[in-house]
Structures are given as structure tokens and as C-alpha cells.
Number of protein chains: 2
Amino acid sequence: MDTSHPLPPDAERPLLAVDVVIFSLRQRDLQLLLVRRRYPPFKGRWAIPGGFVHVAESLEQAARRELEEETGVHAVYLEQLYTFGEPRRDPRGRVISVAYVALVPADVTARAGDDAAQADWHSAHALPALAFDHAEIVQYALQRLRYKLEYTAVGFELLPHEFTLSELQAAYETVLGERLDKRNFRRRLLEAGILEETERYREGESQGRPARLYRYRRDAVTEVKARRLFP
Amino acid sequence: MDTSHPLPPDAERPLLAVDVVIFSLRQRDLQLLLVRRRYPPFKGRWAIPGGFVHVAESLEQAARRELEEETGVHAVYLEQLYTFGEPRRDPRGRVISVAYVALVPADVTARAGDDAAQADWHSAHALPALAFDHAEIVQYALQRLRYKLEYTAVGFELLPHEFTLSELQAAYETVLGERLDKRNFRRRLLEAGILEETERYREGESQGRPARLYRYRRDAVTEVKARRLFP
DNA sequence: CCAAAAGTGTTGGTTTTACACCCATGG
DNA sequence: CCATGGGTGTAAAACCAACACTTTTGG
């Protein structure tokens with residue numbers, strides 16, 4: 001950054017916001033958390049959670065703070081998505097939004113923050129009209145999520161700590177929007193060495209034979225040279 | 001972005017900069033353009049070109065403006081990389097930098113902008129000490145470039161309009177840092193259908209049999225479902 | 001004992017890799 | 001005529017996709 005002095009008179013001093021697209025799997029559906037705006041502009045519209053970055057706060061800290069305000073969770077998957085900075089994206093003036101994507105396990109519940117009247121989960125495939133350019137942000141986030149899931153093992157972040165292989169497969173199918181072959185799916189994930197078998201079984205929750213529970217190996221090598229998990 | 005009013009008193013109004021990592025291939029080496037800072041902080045240090053975003057200017061416009069100031073080129077490959085916003089990354093105060101990556105053809109020449117004493121190409125593998133957090137930005141840009149090159153056909157953007165297959169292969173080898181098999185490389189690129197044979201040959205420039213010139217088919221489908229070009 | 005879901009291998013086709021020689025030109 | 005880089009095919013190995021039955025439990 002060549003911030004040569006003197007500062008050019010036409011340099012922008014925008015407001016700086018972070019917005020977080022929070023994905024979760026609930027009822028076998030990919031959902032994301034939206035809050036209803038209490039104040040203009042776009043009063044009453046749904047929006048993705050976000051807020052201004054505080055003084056001396058890093059972007060990621062700000063994103064985690066927003067995430068925690070809405071969901072109470074802290075230690076979850078979070079990555080920077082893209083920065084949206086069109087001059088007129090906010091009618092009140094120049095606001096730069098650094099968008100993040102978060103993946104939270106299915107057992108997390110939404111809670112309304114101070115700024116939002118309601119916070120609710122919405123199916124990613126049937127979203128209401130959104131405030132600002134948030135529809136664009138969500139589109140981009142979805143694309144990134146699918147992409148990530150194909151190439152990396154990030155799918156676990158959407159499930160509880162322990163899960164069955166069928167649950168994991170259902171998660172992949174929901175996000176990717178396609179059916180996968182059970183045997184090939186299992187083989188691939190087990191061979192990838194990122195799962196750890198537990199001694200426990202999912203019992204009673206449904207008919208049929210109880211399924212073994214697995215957990216994600218936190219110590220697994222994330223990926224050295226990406227090879228598609230599901231080509 | 002939930003920009004609920006009233007504005008929180010602790011909201012940040014940072015300066016907004018764009019920085020552009022400009023890659024090019026010269027002398028069979030992957031190089032990037034650096035400018036020497038004329039003013040403090042980091043006076044005299046090398047930095048990647050960049051500057052503040054003007055009022056009512058989009059982020060991409062700002063990046064293209066900086067790019068053009070340094071190189072004179074306009075219509076080249078440019079993509080947003082990442083946003084760096086650590087509170088203390090600039091000693092003068094809070095400055096958010098939206099970093100971009102640009103790929104320019106080998107025949108582009110650097111020219112010093114107003115703000116920079118010099119602008120020069122440096123090998124990506126032997127960089128001087130850089131100002132601010134620019135070393136980190138460059139590291140990240142290199143990673144992204146390698147990644148892109150493996151999965152997409154973006155390599156052409158680093159070459160002149162017409163090029164031989166050997167030149168293209170050398171470009172890939174330089175960026176990826178590994179040798180590729182000539183026959184496999186050719187087969188794959190030709191089968192991908194993104195190259196167009198010209199009637200011309202690269203003659204006289206070196207010993208040996210003249211090589212056919214190819215050009216990139218601008219109308220080519222960039223990629224539907226990414227498949228690695230070089231697994 | 002029936003319904004429901006879990007679990008498990010093999011085969012054929014495709015893709016990928018490894019590899020060596022002849023060709024056209026300039027000096 | 002020799003040195004230099006351009007151009008070309010094939011065979012073995014690895015990988016992927018498709019496919020059906022047995023096992024375990026709860027009702």
C-alpha cells in the first residue's frame with residue numbers, strides 16, 4: 001500500500017462493517033441465519049448478521065463477535081469470503097463490507113442480538129428479499145461453500161461433534177444438491193484418514209440397525225495438494 | 001450488514017486502500033512489480049503498488065487505476081485477493097487494504113507513478129524486504145496464483161497475445177515450480193479446446209525448428225466444473 | 001418375522017502417467 | 001552436418017463409477 005503523504009483530498013474514509021453468512025444444517029436442509037432489521041434503511045427486511053468494526057479490532061475479531069452475538073458460539077469455522085465496496089451499496093454513505101462465511105453445527109440455536117428484532121434460520125434455497133446487496137453476498141457464499149465441500153473436508157463443521165456416516169453423507173448431498181453413492185462415499189472418506197471411529201453408536205433415534213458414530217480428527221492434515229473428494 | 005442506527009461510538013472510519021500484486025513473466029522468471037516508497041513510513045522500502053480509494057470509486061476501479069498508473073495497461077486479468085485489516089498494520093492509523101492480483105503480459109513495461117521514485121520488476125523468489133505487511137500479501141498472492149493455474153487456464157494472461165506451446169509450458173513450470181511432461185502438457189491443453197492454432201511460427205528467435213504460435217480462444221468456456229489441468 | 005437402516009467388494013471403463021525418437025531449421 | 005528445440009504415440013498403472021446383497025436392530 002503506497003500511502004504516500006500528503007493524503008489525497010479525495011481519499012475515502014468509509015465505515016467498515018463485517019457481515020457473516022452463517023450456515024447450518026437443520027432438518028436435512030441447508031439453512032442460514034438472517035436477522036430482521038429494526039431500523040432504516042431496509043427496516044423490517046431480512047439481512048445477514050453483521051455490524052461495524054470497532055476501533056482497534058481486527059476484521060476476524062469483529063466477525064467472531066458478531067457471530068457470537070447471534071449464536072453464542074465462538075470456536076467454529078470462519079473464513080473471509082470477499083469484500084463488497086460499491087460506492088452506493090448503502091444509501092447512508094460509503095460502507096465497506098468484509099463478508100465472512102461461518103459454519104456452525106446443527107445443535108446451535110439462534111438468539112436475537114441487540115440490533116435485531118428477530119434472528120431466524122432460513123432455507124438457503126428459499127430466501128426472502130434481503131437488505132442491501134446481501135442477496136449477492138449469499139449467492140457468493142453458497143458457491144464458495146459448495147466448492148469448499150468438493151475439495152476439502154470442511155463438511156464436519158456443519159455437524160455435531162459426533163456423527164454417523166449416513167448423516168455426513170446427507171450433509172454433503174444437501175449442500176451439493178446431488179445424490180452420492182453410499183459405498184463410494186464411505187470408502188473415500190475413510191481412506192482420506194480424516195475420520196476417527198468412536199466406540200459409540202447412534203441408537204434408538206430411528207428404525208433399523210444403529211449406526212456407528214465417528215468424529216473428525218482435528219489433527220488431520222487438512223490437505224496438502226488438493227484432490228477432489230468427489231469428482 | 002446490520003448498520004443499525006445510532007452509529008456505535010466505537011465504529012471505525014478507516015482509510016481505505018487497494019494494493020495490487022502485479023505478476024508477469026520475464027526472462028523465464030515469475031516477477032512482480034514493486035515500487036520504492038518516497039515518503040515515510042517505510043521510506044525507501046519496496047512495496048507493492050497501491051493507493052487510497054477515491055470518493056465514489058469502486059474497489060475494482062481503484063485497483064485498475066493503480067494498475068494503469070504503474071504499467072499503462074488497462075484490460076488485463078484482475079481479481080480480488082483478500083482484505084487485510086489488522087489494526088496496527090499501518091503505523092499512521094487504521095488502514096484497510098483490499099488486495100488484488102493482476103496478471104500482465106510479458107511485454108508490458110513498468111513506469112514510475114507520481115508517488116513512487118522507482119518501479120521495478122523483482123523475481124517472486126528473491127524479494128527484498130517489503131513495507132507494511134506486504135510480504136504476507138505477496139505470499140498469499142503467490143499461493144493463489146499457483147492454485148489458479150492448476151485449476152484454470154489463466155496462464156495465458158501472463159504471456160503475449162500469441163505464444164508457442166513451449167513458452168506456455170515454461171510459464172506453467174515457472175509458476176508451479178515443477179517440471180511438466182511435454183507430451184502430456186500439449187495433449188491436455190489441446191484437448192481442453194482453449195487454444196487456437198495460428199498460421200504463424202516463432203522464427204529466428206532461437207536455434208532449432210520454429211515453433212507454431214497459438215493464441216488463447218477468448219470465447220472458450222472458462223470452466224464448468226473445475227477439473228485440475230495438471231494433477 | 002418384518003421393516004428399516006447400516007454395512008460391505010468387485011469389475012469394467014476411463015484417466016493419468018511414464019517414456020524415446022524423428023523433424024525442421026540455423027549456424 | 002551438427003546442435004537446438006519442436007513435435008508426436010503407446011502401454012501400464014491408478015482411479016473412478018456402477019452396482020446388490022447381508023447384517024443388525026426395533027416394533
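Convention: sequence-line order gives letters A, B, ...; per-chain numbering from 1.
In this structure, the CG atom of B:Leu180 is 12 Å from the C1' atom of C:dT17, given to the nearest Å. In this structure, B:Phe185 places its CZ atom 12 Å from P of D:dG6, rounding to the nearest Å. Remark: C1' of C:dT16 and CG of B:Asp181 are 11 Å apart, rounded to the nearest angstrom. One interatomic measurement links the two molecules: CZ of A:Arg202 to P of C:dA4, which rounds to 20 Å at whole-angstrom precision. Spacing between atom CZ of B:Arg212 and atom P of D:dT8 amounts to 9 Å, rounded to whole angstrom units. Atom-to-atom, CD of A:Glu191 to C1' of C:dT8 comes out at 13 Å; the value is rounded to the nearest Å. Put simply, OH on A:Tyr201 is 13 Å from P on C:dA6, counting in whole angstrom units. Taking atom CZ of B:Arg187 as the reference point, atom P of D:dA11 lies 13 Å away to the nearest angstrom.
When each of B:Tyr214, B:Tyr172, B:Tyr201, B:Phe156 is paired with B:Phe163, the ring-ring contact (aromatic ring centres under 6.0 Å, His included) condition holds for B:Phe156 and for no other.
Closest non-hydrogen pair, A:Ala63 versus A:Val20, comes out as O-CG2, 3.9 Å. Residues B:Gln169 and B:Asp181 come closest through the heavy atom pair NE2-C, 4.0 Å.
Among the nucleotides D:dG6, D:dC16, C:dT8, the one closest to the side chain of B:Ser166 is D:dG6. Distance from the side chain of A:Lys182 is smallest to C:dT8 among C:dA18, C:dT8, D:dG6. Distance from the side chain of B:Arg188 is smallest for C:dT17 among the nucleotides D:dT8, C:dT8, C:dT17. Checked against C:dA6, D:dA17, D:dG6, the side chain of B:Ala211 finds its nearest nucleotide in D:dG6.
Residue A:Arg28 qualifies as open at atom CZ: its count of foreign heavy atoms under 6.0 Å is 12 or below.
B:Arg183 contributes a side-chain N or O that forms a donor-acceptor pair with the base of C:dA20 under 3.5 Å.
The shortest distance between side-chain heavy atoms of B:Arg186 and B:Ser166 falls below 4.5 Å.
In this structure, B:Glu167 pairs ionically with B:Arg202, as a charged nitrogen and a carboxylate oxygen lie closer than 4.0 Å. Salt bridge present: A:Arg144 and A:Glu79 bring a charged side-chain N and a carboxylate O closer than 4.0 Å.
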Under 4.0 Å protein heavy-atom contacts per nucleotide of nucleotides 22-27 of chain C, with B for base, S for backbone only and - for none: -BBB--
